[in-house]
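Here is the structure we will look at, set down as structure tokens.
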Number of protein chains: 2
Amino acid sequence: MSVKCINCPLRKSDLFHKMSSETLEFMQRFKVGEMEVEPGTPLLSEGSNAPQLYTALSGMGLRYKLLENGSRQVISFVFPGDFLGLQAGVMKEMTHSVEATTAMKLCVFDRKELWSLFRTIPDRGFDLAWLAATEERFLGEALTSVGQKSALERMSWALARIFRRLKATTPAAGDLVRLPYRQQDLADALGLSLVHTNKTLAKLRERQLATWSDGKLSVPNLARLEELALIENPELPTRPLM
Amino acid sequence: MSVKCINCPLRKSDLFHKMSSETLEFMQRFKVGEMEVEPGTPLLSEGSNAPQLYTALSGMGLRYKLLENGSRQVISFVFPGDFLGLQAGVMKEMTHSVEATTAMKLCVFDRKELWSLFRTIPDRGFDLAWLAATEERFLGEALTSVGQKSALERMSWALARIFRRLKATTPAAGDLVRLPYRQQDLADALGLSLVHTNKTLAKLRERQLATWSDGKLSVPNLARLEELALIENPELPTRPLM
DNA sequence: CTCTTCCTATGTCCTAGTTTAATGCCTGCT
DNA sequence: AGCAGGCATTAAACTAGGACATAGGAAGAG
């Protein structure tokens with residue numbers, strides 16, 4: 001049975017600051033359905049122009065870009081609540097690919113119909129702007145981390161960001177969260193080699209700042225980790241009421 | 001005398017794909033005025049929440065983030081036609097700073113009033129989405145360059161991108177464009193040291209792919225430069241008519 | 001149970017890129 | 001003219017991080 005947008009726990013979370021019921025009812029109308037995918041399923045691919053947009057309901061994935069030389073840049077990690085495929089709806093094509101790393105449940109919207117939402121409820125242009133600003137903020141931070149920080153600082157940054165984000169959408173868990181990524185994924189996200197990623201994780205472990213093992217991340221002292229990561233503004237951005 | 005939006009050559013350029021006169025007339029109403037600034041003037045700063053938004057009419061600048069350890073990441077270069085300060089309008093505060101590197105002429109809009117534009121002309125949510133997607137595309141590409149490419153590839157990438165962008169808004173110039181940046185700015189954009197930036201520029205010069213000197217960039221063979229830069233999609237995104 | 005495959009772990013060596021520092025070249029100031 | 005400050009350039013010494021090699025554990029296949 002399909003979840004109604006108005007009841008969707010994701011959109012009620014602090015992160016999205018309780019979207020107006022007006023918007024939620026409207027989204028409901030254009031919801032095409034739900035979709036479950038296996039781990040490893042490609043959801044969107046660079047250069048494509050899929051007619052559908054998704055929001056992640058559960059499970060995780062990653063966004064990445066491939067280069068001709070074979071290397072891969074992981075752009076960001078995908079968590080429940082994330083919106084996928086907006087690019088394809090606006091530009092001719094996606095500029096990165098998205099892939100599930102666990103089984104995922106997705107909410108599917110028809111792109112063309114969704115545009116009419118933004119036409120019909122003008123205020124919703126604000127939701128779009130917020131989404132954009134959030135994305136820009138994150139990418140700017142990632143760029144700064146990869147461009148200016150040491151391996152240890154970068155790794156701390158990534159783990160701290162992932163940890164906070166997961167705790168915001170996954171209610172349970174103490175200082176331990178489940179993380180369906182390989183060290184290679186982390187390496188590709190941070191611009192490090194797999195080997196060096198491993199060594200850096202070892203360093204964090206022996207300093208007791210973060211432990212990554214068996215698809216589980218444990219952060220006993222988030223504040224210290226964020227300090228090491230040179231994170232100036234640790235709180236996640238939440239959508240204001242405008 | 002203040003330029004009317006409807007006559008603004010920037011918004012008529014291919015890059016922005018001739019915005020509708022409807023939008024332009026509307027923007028005109030909320031234009032507060034124009035502003036000229038000296039080289040070196042800070043326009044927006046990280047953490048601030050200025051009540052005004054700008055579009056660059058002429059001149060250039062750069063967006064950057066500072067870290068506690070003193071290093072600086074240049075996020076992007078600002079050229080005529082760019083929109084500045086959207087973040088502050090949506091989130092509580094700017095996550096990067098913007099500074100003029102030449103004398104600049106700016107068009108000033110009141111943030112609150114501009115929002116009402118998006119409320120009143122619903123379709124304009126699309127402009128916003130396009131702006132966002134363009135930004136996301138660029139930042140993703142920058143991240144991929146800094147994360148995965150060699151110094152020579154990164155430098156080629158930056159110069160090729162800058163060159164194309166400038167030729168799109170600056171009508172004149174053959175294979176030569178004016179570039180008011182220091183090598184340190186390039187270094188901070190690409191995550192390289194100043195010295196290595198200089199060496200890399202020398203390499204490009206001796207290969208006759210690009211010459212940077214005295215605030216002028218010359219690219220005799222853009223296609224070869226873009227090939228070296230591993231750029232898969234050289235054309236700049238232009239706003240579709242939706 | 002063994003073979004295989006995928007991932008994590010660690011050590012050694014080496015290169016791309018950093019740091020520091022010295023030199024020279026403009027441009028503006030007095 | 002003479003000096004000062006900002007920027008480009010080059011060289012030399014150093015180091016963070018990469019490449020390669022190798023090994024170990026977990027999980028599935030037969």
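Every chain is numbered from 1 and lettered A, B, ... according to where its sequence line falls, protein lines coming before strand lines. Source: prediction; values computed, not measured.
Look at OH on A:Y181: it is 15 Å from P on C:dC7, rounded to the nearest Å. Between the CD atom of A:Q183 and the C1' atom of C:dC6 there is a distance of 12 Å, rounded to whole Å. For the pair A:H196 NE2 and C:dC14 C1', the computed distance is 14 Å after rounding to whole Å. Between B:K203 atom NZ and D:dT10 atom C1' there is a gap of 14 Å when expressed in whole angstrom units. Rounded to an integer number of Å, the gap from CG of A:L194 to P of D:dG18 is 10 Å. Rounded to an integer number of Å, the gap from B:L201 CG to D:dC7 P is 16 Å. Across the protein-nucleic acid pair, A:E153 atom CD and D:dA16 atom C1' stand 12 Å apart, rounded to whole Å. Rounding to whole angstrom units, CZ of residue B:R182 and P of D:dT9 are separated by 14 Å.
When the options B:E93, B:R111, B:Q87 are evaluated for a side chain to side chain donor-acceptor pair (under 3.5 Å) with B:N49, the one that passes is B:R111.
Residues B:F83 and B:W130 place their aromatic rings such that the two centres sit no closer than 6.0 Å. Checked against a 6.0 Å centroid threshold, the rings of B:F77 and B:Y181 count as neighbours.
Using a 4.0 Å heavy-atom criterion, one finds that A:L192 contacts the sugar-phosphate atoms exclusively. Using a 4.0 Å heavy-atom criterion, one finds that A:S150 contacts the sugar-phosphate atoms exclusively. At a threshold of 4.0 angstrom between heavy atoms, the contacts of B:G191 are confined to the sugar-phosphate backbone, with no base atom among them.
At the phosphate of C:dA9, OP1 or OP2 sits under 4.0 Å from a side-chain N or O atom of A:N198.
The residue among A:A151 and A:V195 whose nearest nucleotide of DNA chain D lies closer to the 5′ end is A:A151.
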Show, in sequence, the C-alpha distance, side-chain angles and deciding distance for B:D82 and B:R165, and conclude whether the salt bridge (Lys or Arg N to Asp or Glu O under 4.0 Å) test is met.
CA-CA 11 Å; B:D82 282 349; B:R165 181 63 165 77; 2.5 Å; yes
